[in-house]
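The block underneath contains the structure these notes are about, expressed in structure tokens.
The residues of the chain are indexed from 1 along the displayed sequence. A quick note: this is a predicted structure, and the numbers were derived from the prediction, not measured.
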Amino acid sequence: MNNQSDRCKNCERQIQGAFCSYCGQRTSVDRVTFRETMGDLADSMFSLSAPLWTTLGGLFTNPGKLLREFLAGRRKRYYKPVTFFILTTIVYLLSKSLLDYNPLIEASPRTTNTIDPTIFYQASQFMFAHIDKILFFFVFTLALSMKIFFYRTYSLAEYVAVSFYLLGVYTLLSTLKIYVYTFVTQQFETFPMVLMLAYFLWAMASLFQKNKLLVVFKALFTYLLGFVLYIICGMGLSLLIVLLGV
């Protein structure tokens, strides 16, 4: 009888050598590491053979199954998390540019006797203009928050991979908001964040499966902590850059 270690983690066929002869995945696949996750940047970023539609379908119908399979080693069948996040960010930026989307331009900063609010206005403008870069903070603050509340299940590197997938979905929701804001109504500015919260709770319950009520409760605090840390980091950096005039 063949040992489980002699089988490909992606297609479960018997393997010999460095790559599976059936699906082509590396036979050395183990737990997700930072090196592997960040290495996705240079690994076939926009490969037409990458199963993008399978990944999108999984993320919107059964995210827990997709995340469990990816973390368990079945990586050949899914679009890689960093690449997925970057692709969705590019779609967002193209939509924002084509539709000249900037809701902050309507804001009119007011002055007080203590702090000049124009500084915060400029910082918020900077943060929005560079959201594609600053959103990386959210990836890592959300992953750190997941590690705090679900520390026994996966490593921090694995939660970073999960976070790239989930925030890719958030970026798609933000892209949808651009079109709703431009062509339908301007009354639902916060709906991507609300939808993302609901999606995150569902994804976490789908991922961990057991004790779903407890998982949802912990996931709520996970999301809130990750978001607060993201705002602190993103707005703090933006304020620093504005104050320094960089």
Among all residues two or more places apart in sequence or in another chain, which pass the ring-ring contact (aromatic ring centres under 6.0 Å, His included) test with [X]?
{"X": "Phe217", "value": "Phe221"}
{"X": "Phe149", "value": "none"}
{"X": "Tyr92", "value": "none"}
{"X": "Phe137", "value": "none"}

Minimal non-hydrogen separation, [X] against [Y], with atom names:
{"X": "Gly226", "Y": "Ser145", "value": "N-OG, 3.7 Å"}
{"X": "Tyr165", "Y": "Phe84", "value": "O-CE2, 3.5 Å"}
{"X": "Ala143", "Y": "Ser163", "value": "N-OG, 4.0 Å"}

[X] vs [Y] side-chain heavy atoms within contact, under 4.5 Å:
{"X": "Arg75", "Y": "Asn10", "result": "no"}
{"X": "Phe164", "Y": "Phe136", "result": "yes"}
{"X": "Phe200", "Y": "Thr222", "result": "yes"}
{"X": "Leu142", "Y": "Phe227", "result": "no"}
{"X": "Val216", "Y": "Met204", "result": "no"}
{"X": "Ile119", "Y": "Leu239", "result": "yes"}
{"X": "Leu52", "Y": "Leu87", "result": "yes"}
{"X": "Leu229", "Y": "Phe138", "result": "no"}

What about [X] and [Y], same hydrophobic cluster or not, with Ile/Leu/Val/Met/Phe/Trp/Tyr joined at side-chain heavy-atom distances under 4.5 Å?
{"X": "Leu156", "Y": "Tyr151", "result": "no"}
{"X": "Leu135", "Y": "Val91", "result": "no"}
{"X": "Tyr230", "Y": "Met193", "result": "yes"}
{"X": "Met146", "Y": "Leu213", "result": "no"}
{"X": "Leu93", "Y": "Val82", "result": "yes"}

Quick one: [atom1] on [X] to [atom2] on [Y], what's the gap to the nearest 0.5 Å?
{"X": "Leu67", "Y": "Tyr154", "atom1": "CG", "atom2": "OH", "value": "8.0 Å"}
{"X": "Tyr159", "Y": "Ile148", "atom1": "OH", "atom2": "CD1", "value": "11.5 Å"}
{"X": "Gln14", "Y": "Arg7", "atom1": "CD", "atom2": "CZ", "value": "6.0 Å"}
{"X": "Thr61", "Y": "Leu66", "atom1": "OG1", "atom2": "CG", "value": "8.5 Å"}
{"X": "Asp132", "Y": "Ile86", "atom1": "CG", "atom2": "CD1", "value": "10.5 Å"}
{"X": "Arg13", "Y": "Cys8", "atom1": "CZ", "atom2": "SG", "value": "9.5 Å"}

By side-chain hydrogen bond (donor to acceptor under 3.5 Å, both in side chains), Tyr179 pairs with (sequence neighbours left out) Ser95
Please identify each residue that fulfils side-chain hydrogen bond (donor to acceptor under 3.5 Å, both in side chains) with Ser155, with sequence neighbours left out. Glu158
Salt bridge (charged side-chain N to carboxylate O under 4.0 Å, His left out): which pairs involve residues 52-71, sequence neighbours left out?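 Non-adjacent pairs meeting salt bridge (charged side-chain N to carboxylate O under 4.0 Å, His left out): Glu69-Arg74, Glu69-Arg77.
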Any chance you could lay out the side chain to side chain contact (heavy atoms under 4.5 Å, CB included) test for Thr54 and Tyr79, step after step, and finish with the verdict? CA-CA 8 Å; Thr54 301; Tyr79 215 69; over 6 Å; no
Do His130 and Ile241 pass the side chain to side chain contact (heavy atoms under 4.5 Å, CB included) test, and can you show the C-alpha distance, the side-chain angles, and the key distance before you say yes or no? CA-CA 12 Å; His130 299 84; Ile241 291 175; over 6 Å; no
Is a side-chain donor-acceptor pair under 3.5 Å present for Lys177 with Tyr101?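 Side chains of Tyr101 and Lys177: pair found under 3.5 Å.
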Please go through Ile232's hydrophobic cluster and name the other residues, only I, L, V, M, F, W, Y counting, with side-chain heavy atoms under 4.5 Å joining them. Val228
Does Ser238 have any side-chain contact (heavy atoms from CB on, under 4.5 Å) partners at least two apart in sequence or in another chain, and if so, which? Ala123, Phe126, Met127, Ile134
Residues in side-chain contact (heavy atoms from CB on, under 4.5 Å) with Leu220, at least two apart?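 Applying side-chain contact (heavy atoms from CB on, under 4.5 Å) to Leu220 gives Leu197, Leu201, Leu224.
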Enumerate the side chain to side chain donor-acceptor pair (under 3.5 Å) contacts for residues 196-218, please, sequence neighbours excluded, ordered by first and then second residue.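 Listed once each, the pairs are Asn62-Ser206.
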Within a radius of less than 6.0 Å around CG of Leu98, do more than 12 heavy atoms belonging to other residues, nucleotides or ligands occur?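 More than 12 heavy atoms, drawn from other residues, nucleotides or ligands, come within 6.0 Å of this atom.
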Name the atoms and distances for all side-chain donor-acceptor pairs under 3.5 Å in residues 167-176, with sequence neighbours left out.
unit_1 : atom_1 : unit_2 : atom_2 : d
Thr171 : OG1    : Leu167 : O      : 2.8
Ser174 : OG     : Tyr170 : O      : 3.1
Thr175 : OG1    : Thr171 : O      : 2.9

